[in-house]
Amino acid sequence: MMGPQGAGKGTQAQLLATTFGLPIVATGDILREMAEGVTPLGRQIREVQSAGHLVSDEILAEVIKARLGCEDCKSGCILDGFPRTLPQAELLEEIASSLGNSILVINLDVPRKLLYERLARRRDCSKCGAVYNVVSKPSKQEGICDLDGAPLLTRSDDHEEAIAKRLALYDEKTRPLLDYYGESGRLRTVDGTGTPEEVFARLSRIFQVETAESSKK
Ligand code: AMP
């Protein structure tokens, strides 16, 4: 899944995973978990994430090799937040070919103004990670997760300064990957505006066609 922060990658990944029975590999979530550790690496990741910078390609290489090597990823997975740089994309080519998997890139296209609105209004459950929006998808009780009653938090990198930095980094480092995948015919762009259900209807049509095509090969 590709697209800038706030495009809805996490929400759509969840819907895809539930519908098609694939595991989600979200590098942001894996790194946030690592950042909770009281180790020098944990502290380093915490600082980089809070500032809205990218964690180094070297750390990402270790994280993604370990995760994609797990049994549940052998027949495929949904990648959310990876790759974000060209070296990461090149590493993914190597891993996918060694596993005999192909890569399909779904790019969620959302106007910049809407991205800011979505990110500033986003609240995440501190326990299960469920994502809410104070305007378009509020929890039943303000500040409390509907699913497990845990407090809802604003992510440390969802403040205006970090949002601007993350979107600028996306333009600089990640957007060029759309050309990389577009040139090799593996990119499908989906209109990411509207409700999660509307976006998912568009996305799952593409996903079904593509997976049917690739299983014929
Ligand atoms: P996300 O939840 O995908 O928005 O990621 C949150 C933060 O985790 C990012 O702003 C980066 O600091 C870090 N991160 C996640 N995935 C990557 C990646 N593939 N490369 C570098 N940093 C990453």
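When a ligand or atom number is given, it counts from 1 through the structure's own listing order. FYI, side chains are in, hydrogens and waters are out, and symmetry mates aren't considered; it's all heavy atoms of this structure.
Between Arg67 and Asp72 a salt bridge is recorded (basic side-chain N to carboxylate O distance below 4.0 Å).
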Could you pull out every donor-acceptor pair under 3.5 Å between side chains of residues 2-16 and any protein atom, sequence neighbours left out?
unit_1	atom_1	unit_2	atom_2	d
Lys9	NZ	Gly3	O	2.9
Lys9	NZ	Pro4	O	3.3
Gln12	OE1	Phe200	N	3.4
Gln12	NE2	Pro196	O	3.1

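Arg118 is linked by a salt bridge (Lys or Arg N to Asp or Glu O under 4.0 Å) to nothing, counting only residues two or more places apart in sequence or in another chain. Ala17 pairs by the side-chain contact (heavy atoms from CB on, under 4.5 Å) definition with Ile24, Ile78, not counting sequence neighbours.
For ligand 1, residues of the protein lying within 4.0 angstrom by heavy-atom distance are Thr27, Gly28, Leu31, Arg32, Gln49, His53, Leu54, Val55, Leu60, Gly81, Phe82, Arg84, Gln88, Arg155, Asp157, Arg166.
Panel note: side chain Ser184, backbone Tyr181; a donor-acceptor pair is recorded below 3.5 Å.
Rounding to the nearest 0.5 Å gives a distance of 5.5 Å between CG of Asp146 and OG of Ser139.
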